[in-house]
Protein chains: 2
Amino acid sequence: MEKQAITIYTVASEAHVSMATVSRVVNGNPNVKPDTRKKVLEVIKRLNYRPNAVARGLASKKTTTVGVVIPDITNDYFAELALGIDDIATMYKYNMILANSDADDKNALQVVRSMFAKQVDGIIFMGHDVSDDVKAEFESSNVPVVVAGSVTNDDSLPVVRIDYQKATQEATSKLLKNNEKVALIIGSKSSTINAQQRIPGYQKAYEDSQRQYDHRLIFEAHDSYEEGYALVDRILKTGATAAFLSDDSIAAGLLNGLHDHGVKVPEDFEIITGNDTKLATITRPMMSSITQPLYDIGAVSMRLLTKLMSEDQQAAEADAEQDGNSNVILQHGFVERQSTK
Amino acid sequence: MEKQAITIYTVASEAHVSMATVSRVVNGNPNVKPDTRKKVLEVIKRLNYRPNAVARGLASKKTTTVGVVIPDITNDYFAELALGIDDIATMYKYNMILANSDADDKNALQVVRSMFAKQVDGIIFMGHDVSDDVKAEFESSNVPVVVAGSVTNDDSLPVVRIDYQKATQEATSKLLKNNEKVALIIGSKSSTINAQQRIPGYQKAYEDSQRQYDHRLIFEAHDSYEEGYALVDRILKTGATAAFLSDDSIAAGLLNGLHDHGVKVPEDFEIITGNDTKLATITRPMMSSITQPLYDIGAVSMRLLTKLMSEDQQAAEADAEQDGNSNVILQHGFVERQSTK
DNA sequence: CTGAAAGCGCTTACAG
DNA sequence: CTGAAAGCGCTTACAG
């Protein structure tokens, strides 16, 4: 017994109106006589008619679906952003196609391609830097893309983020007060966010304190607890007595690793972490941290995207798009907890 | 300058074949002469033709998209499951529409409705219990649904999970060895997973040890660190000296709360947590835990769903569907760490 | 192995 | 305020 799908055609004939009229009431078009509307609404209700979004998407060229590429859904930082994105998306009646890129360029490309194939109306890109292939995909499409919570090598893309340079500078400066050698622990040194923001911020802090920074104090690590934990020996060997870490998982790993090596935090080693996810308060000692409006970064990104998507619709060919500065920099802060003196 | 979309029609005319033939080569249909295939493939490449998945979805009634409802994307437990789901989905060329339900029935209903409107081929439902409305949605659709990582009040739904009753029983029994009063901390007492699995398991453990359980030792809490932290006083007041908690965030909260109240874990209070997410190893002391194959629960759910989706296609009306037992129970275990003696 | 044609379920000008 | 008709970009029998 195949359930016979009831379509706009069924409704139209039951209500003795045209499909166009049914379409109008479904879409809230005001140009419908109240009586007609009422009649149609009744039939819709009686038949429990549900518009087919796929058909609508094909006809209207709008899918009310956005693509969200996330490096790792199990990383609290990105998960918080995703929560903000989802809330706003839902508010605007958008669905989100979420796909993990594993921070891998090959995956990211596949993911983006498949999102375009599905005709998403926009994309939120979380991740550091974009491969040439992905950049090409973005450029050859008319679909707006916004970068959330990072800064990439593609500066034609609008981005919502904090001032990573300043944040890094501030954290490093704080640490420099009580310590001669402050380590910086980040992802890839060559990624844009690190090369152009965090490392310069780190250097500036050294300059501010009239000291020369030592590049050997800059460590690369993937965003995982284990890598942080494994870093202990190498960091200690440099004589560093403090560290700023861009990722909370790594920071938690380092913190616990230090403890297990008998190094006391903050007495013998100070730590400031970068994202203030819940991890920061779960560790003992709790970690002092740069604070970020994580949820808001996601929410603002999605809001910006909705704006771009509707402009896209109107402006269409008005390629004026002086896309000068659709970038938005949110405020960050600092919270002192137990991992600093 | 609207970019002129290039469609299957463009390819067909450039290659001097019919759209049907282009469709065949795109879909890997073997009934195409090698020469023809080659010619078409060349044109596709030259034009950089990308099939429109929306049109395909409308015509074929398959969207290669699945809906995933998740109570809270920022909860490590669900995020780990989602990772497994996404990996397998990607492997099978499915995209996933991910939506947070906030563990709220109203939201879940909206979310599910909008997934059906988007014509998803299947749904993975994470969450405890399903409202009547949602159940009705599920039943009135032909779309297969699988429940991942819980057990719900709708036992017509296939589910992938562990044996929560046994796990709870084992954990409680362990704790009962050194403690007279062992608390059980769960979500809602009336949810199916708790009423039919965890509470009975808890009681059995008491029976096994020839003791009478005290229902006042069963606490309800939402899955958050803060609630766990706030629970300390109430739990201590009962005289309990140990607890099994179903959620790691709550457990971490309790653990830290205990510490801040000067109660030593495990010396004065033993803790076993339920999900073995990364939190369990980040806290100090690290938490002993029931272990679960989190990623696999997600992966197996998705695999099961793909199976159901293709059966659905074939069986179609063969409603035989003795849906006897598509349930799959994965193995759990236990890992001793530092929160137990 | 290949093509012509209908159809998927909507929306969108266009007329009136 | 309403309807007839074309069209969105594919797939799917059906014929041959």
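Heavy-atom basis, side chains included; hydrogens, waters and symmetry copies ignored. Naming convention: chains lettered A, B, ... in sequence-line order (proteins, then strands); numbering from 1 in each chain.
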Starting at [atom1] of [X] and ending at [atom2] of [N], how long is that distance when rounded to a whole Å?
X: A:R56; N: C:dT12; atom1: CZ; atom2: C1'; value: 14 Å
X: B:I44; N: D:dC10; atom1: CD1; atom2: P; value: 10 Å
X: B:K62; N: D:dT12; atom1: NZ; atom2: P; value: 11 Å
X: B:Q119; N: D:dG9; atom1: CD; atom2: P; value: 19 Å
X: B:R37; N: C:dC1; atom1: CZ; atom2: P; value: 9 Å
X: A:I8; N: C:dT11; atom1: CD1; atom2: C1'; value: 8 Å
X: A:N27; N: C:dG9; atom1: CG; atom2: C1'; value: 13 Å
X: A:K33; N: D:dT2; atom1: NZ; atom2: C1'; value: 9 Å

Pairs under 3.5 angstrom, nitrogen or oxygen only, protein versus nucleotides 3-5 of chain D, please.
| from | atom 1 | to | atom 2 | distance (Å) |
| --- | --- | --- | --- | --- |
| D:dG3 | OP2 | A:S18 | N | 3.0 |
| D:dG3 | OP2 | A:S18 | OG | 3.1 |
| D:dG3 | OP2 | A:T21 | OG1 | 2.7 |
| D:dG3 | N7 | A:R24 | NH1 | 3.4 |
| D:dG3 | N7 | A:R24 | NH2 | 3.4 |
| D:dG3 | O6 | A:R24 | NH2 | 2.5 |

*Sequence-distant partners of B:R50, salt bridge (charged side-chain N to carboxylate O under 4.0 Å, His left out), two or more places apart*: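 Salt bridge (charged side-chain N to carboxylate O under 4.0 Å, His left out) check on B:R50 returns A:E137.
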*Please list, chain by chain and in numerical order, all residues satisfying salt bridge (charged side-chain N to carboxylate O under 4.0 Å, His left out) with A:E14, sequence neighbours excluded.*
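Counting only residues at least two positions away or on another chain, A:E14 forms a salt bridge (charged side-chain N to carboxylate O under 4.0 Å, His left out) with A:R46.
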Please identify each residue that fulfils side chain to side chain donor-acceptor pair (under 3.5 Å) with [X], with sequence neighbours left out.
X: A:N95; result: B:S114, B:K118
X: B:T152; result: none
X: A:Y295; result: A:D87
X: A:T63; result: A:D121

_Euclidean distance, A:I123 CD1 relative to A:M96 CE, rounded to 0.5 Å_ =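 Here the interatomic distance stands at 13.5 Å.
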*Tell me, which of residues 45-55 of chain B have any heavy atom that sits under 4.0 Å from an atom in DNA chain D?*
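Under 4.0 Å from DNA chain D: B:Y49, B:R50, B:P51, B:N52, B:A55.
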*In which stems does DNA chain D show up, taking only runs of three or more Watson-Crick or G-U wobble pairs whose two distances fall under 3.5 Å?*
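DNA chain D forms these stems: C:1-3 with D:14-16, C:5-12 with D:5-12, C:14-16 with D:1-3.
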*Would you say a side-chain N or O of A:S23 is under 4.0 Å from OP1 or OP2 of C:dT11?*
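Answer is yes, contact under 4.0 Å.
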*Closer than 4.0 Å, any side-chain N/O of B:K61 to the OP1 or OP2 of D:dC10?*
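No, because none of the side-chain N or O atoms of B:K61 sits under 4.0 Å from OP1 or OP2 of D:dC10.
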*Any side-chain heavy-atom pair from B:Y9 and B:V22 closer than 4.5 angstrom?*
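Counting from C-beta outward, B:Y9 and B:V22 never come under 4.5 Å.
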When the side chains of residues 124-131 of chain A are checked against the rest of the protein, which donor-acceptor pairs come out under 3.5 Å, sequence neighbours left out?
| from | atom 1 | to | atom 2 | distance (Å) |
| --- | --- | --- | --- | --- |
| A:H128 | ND1 | A:S150 | OG | 2.6 |
| A:D129 | OD1 | A:N153 | N | 3.0 |
| A:D129 | OD1 | A:T192 | OG1 | 2.7 |
| A:D129 | OD2 | A:T192 | N | 3.1 |
| A:S131 | OG | A:V134 | N | 3.2 |

*Scan for salt bridge (charged side-chain N to carboxylate O under 4.0 Å, His left out) pairs involving residues 95-108 of chain A, sequence neighbours excluded, and state none if there are none.*
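For residues 95-108 of chain A, and leaving out neighbouring residues, there are no salt bridge (charged side-chain N to carboxylate O under 4.0 Å, His left out) pairs at all.
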*Pairs touching residues 23-39 of chain B that satisfy side-chain hydrogen bond (donor to acceptor under 3.5 Å, both in side chains), sequence neighbours left out*: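 Qualifying pairs, neighbours excluded: B:S23-B:N27, B:N27-B:R56.
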*asked:* Using the rule side-chain contact (heavy atoms from CB on, under 4.5 Å), only one of A:V159, A:N327, A:V328 pairs with A:L304; which is it?
replied: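 Only one option passes, and that is A:V328.
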*Of A:N31 and B:L58, whose closest DNA chain D nucleotide lies nearer the 5' terminus?*
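The answer here is A:N31.
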*asked:* Let me spell it out: for each of B:S60 and A:G57, pick the nucleotide of DNA chain C with the closest heavy atom. Which residue's pick is nearer the 5' end?
replied: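 Result of the comparison: B:S60.
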